[in-house]
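Everything on this sheet refers to the single structure shown next.
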Number of protein chains: 2
Amino acid sequence: MQQVMDRLAQQIAFLAEADKLKGILRRTPLIDDSRQENSAEHSWHLLLVAIVLREYADPALDLYRVLEMATVHDLVEIDAGDTFAYDTAGIETKAEREQAAADRIFSLLPSDQRDRFRLLWEEFEAHRTPEACFANAIDRFQPLLQNAHSGGGSWRTHDLNRAQVIKRMAPIETAMPGVWPAVVKVVDTFCATGVIREV
Amino acid sequence: MQQVMDRLAQQIAFLAEADKLKGILRRTPLIDDSRQENSAEHSWHLLLVAIVLREYADPALDLYRVLEMATVHDLVEIDAGDTFAYDTAGIETKAEREQAAADRIFSLLPSDQRDRFRLLWEEFEAHRTPEACFANAIDRFQPLLQNAHSGGGSWRTHDLNRAQVIKRMAPIETAMPGVWPAVVKVVDTFCATGVIREV
């Protein structure tokens with residue numbers, strides 16, 4: 001009984017620590033432009049995107065693992081913060097900061113779950129399996145959705161050109177080719193209005 | 001091609017509408033007590049609880065369906081608002097308000113997905129299948145976790161007695177009997193400090 005209670009106590013400590021993800025702000029505003037989105041609600045939105053757009057992805061992929069991966073993929077930001085996708089200086093130190101965060105945060109769990117969550121997160125970061133490719137594609141698609149419906153969102157406040165945005169969105173082309181024409185159309189619309197520079 | 005684009009346009013309209021769940025506030029504060037939690041970040045936290053505490057639930061249940069159910073379970077609140085668990089007047093009109101919300105919100109989707117999401121939500125509300133029982137149990141456990149770690153949270157600001165809280169938490173006893181002693185211990189701790197009344 002003591003062992004069961006110790007294990008549960010570790011799991012509860014981890015679940016309480018995870019609450020802090022609700023305080024990590026991203027650059028993307030909500031669609032109503034009232035405030036910046038946080039990484040916890042972003043993660044929930046990813047899950048919904050995954051379920052709704054699953055038909056455009058590889059039919060053989062395991063959507064259950066995608067949902068698990070999307071749930072845990074941003075937990076390292078509790079320590080490492082959200083690194084803006086176009087912040088080249090921040091990206092240089094991102095891997096190191098996030099490895100240290102993963103060491104600390106996943107270690108709150110019992111060792112079997114620590115190892116499983118760590119592997120899920122590493123799989124997401126490595127972009128190699130069909131599940132990781134789809135999870136990364138939806139992680140690009142969701143902010144595009146927010147930006148497209150809020151007059152440009154984080155594109156408006158950062159000086160970006162078409163090639164930068166298309167490169168950032170490229171995982172969508174690989175993982176959901178049927179969705180790609182709609183993505184290019186959105187980018188071109190915001191190029192036409194000058195929110196994204198042509199070159 | 002036009003049909004594919006129309007279907008995708010409906011899916012995108014639904015995913016953009018879903019963003020509004022980030023603006024629906026619950027009574028439960030974040031653990032750092034900085035603000036109230038919203039229903040989108042709450043939903044994400046449920047998924048994490050489900051994945052971490054799965055071992056305490058019926059081994060035969062389909063966790064994938066639980067994750068889908070937890071992702072969609074609060075979408076009706078976009079129109080119907082969050083009804084506080086102990087608000088007896090609000091609960092009288094809750095079902096009607098939420099049915100109307102489900103009609104409108106799920107109808108943004110293509111009809112096959114509209115029907116699937118509606119069934120998932122109805123399954124959650126009916127508390128009958130093992131998946132729905134577990135999803136409801138984690139939907140009770142997550143605010144208990146928040147309250148336990150924030151000095152009482154929503155218990156502090158509402159005049160509740162032990163029997164009311166225990167009744168509200170009862171789905172945890174059924175779906176995760178191994179977690180129940182820890183739940184009772186938390187409730188008793190907050191009874192001892194006077195946050196929850198004994199009678």
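Chain A is the first sequence line, chain B the second, and so forth, proteins listed ahead of strands; every chain is numbered from 1.
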**Asked** Is A/E68 reaching over with its side chain to a backbone N or O of B/I51, donor-acceptor style, under 3.5 angstrom?
**Response** no
**Prompt:** Under 3.5 Å, is there a donor-acceptor pair between the side chain of A/W44 and the main chain of B/H42?
**Reply:** no
Linking I/L/V/M/F/W/Y whenever any side-chain heavy atoms sit under 4.5 Å apart, do [X] and [Y] land together?
X: A/F84; Y: A/I78; result: yes
X: A/L108; Y: A/L120; result: yes
X: B/L47; Y: B/L30; result: no
X: B/V179; Y: B/L63; result: yes
X: A/V195; Y: A/V184; result: yes

What I'd like to find out is whether the side chain of [X] reaches to under 4.5 Å of the side chain of [Y], using heavy atoms alone.
X: A/I12; Y: B/V52; value: no
X: A/D19; Y: B/E41; value: no
X: A/L48; Y: B/L75; value: yes
X: A/H149; Y: B/E17; value: no

Shortest non-hydrogen contact from [X] to [Y]?
X: B/N38; Y: A/N38; value: ND2-ND2, 4.4 Å
X: A/H45; Y: B/L15; value: NE2-O, 2.8 Å
X: B/G178; Y: A/L8; value: O-CD2, 4.3 Å
X: A/I31; Y: B/A16; value: CD1-O, 3.6 Å

Nearest-0.5 Å distance that lies between atom [atom1] in [X] and atom [atom2] in [Y]:
X: B/D32; Y: A/K20; atom1: CG; atom2: NZ; result: 9.0 Å
X: A/K22; Y: B/R35; atom1: NZ; atom2: CZ; result: 8.0 Å
X: B/R7; Y: A/Y56; atom1: CZ; atom2: OH; result: 5.5 Å
X: A/L67; Y: B/L67; atom1: CG; atom2: CG; result: 5.5 Å

**Message:** Please classify the contact between A/L109 and chain B as side chain, backbone, both or neither, with a heavy-atom cut-off of under 4.5 Å.
**Reply:** side chain
**Message:** Sort by residue number and list every residue of residues 131-146 of chain B having at least one heavy atom under 4.5 Å from chain A.
**Reply:** B/F141, B/Q142, B/L145, B/Q146
**Request:** Evaluate side chain to side chain contact (heavy atoms under 4.5 Å, CB included) for B/R54 paired with A/Q113, printing each intermediate quantity in order.
**Result:** CA-CA 11 Å; B/R54 192 258 176 275; A/Q113 291 188 320; over 6 Å; no
**Request:** Identify which of B/L53, B/V72, B/L46 forms the greatest number of heavy-atom pairs closer than 4.5 Å to chain A.
**Result:** B/L53
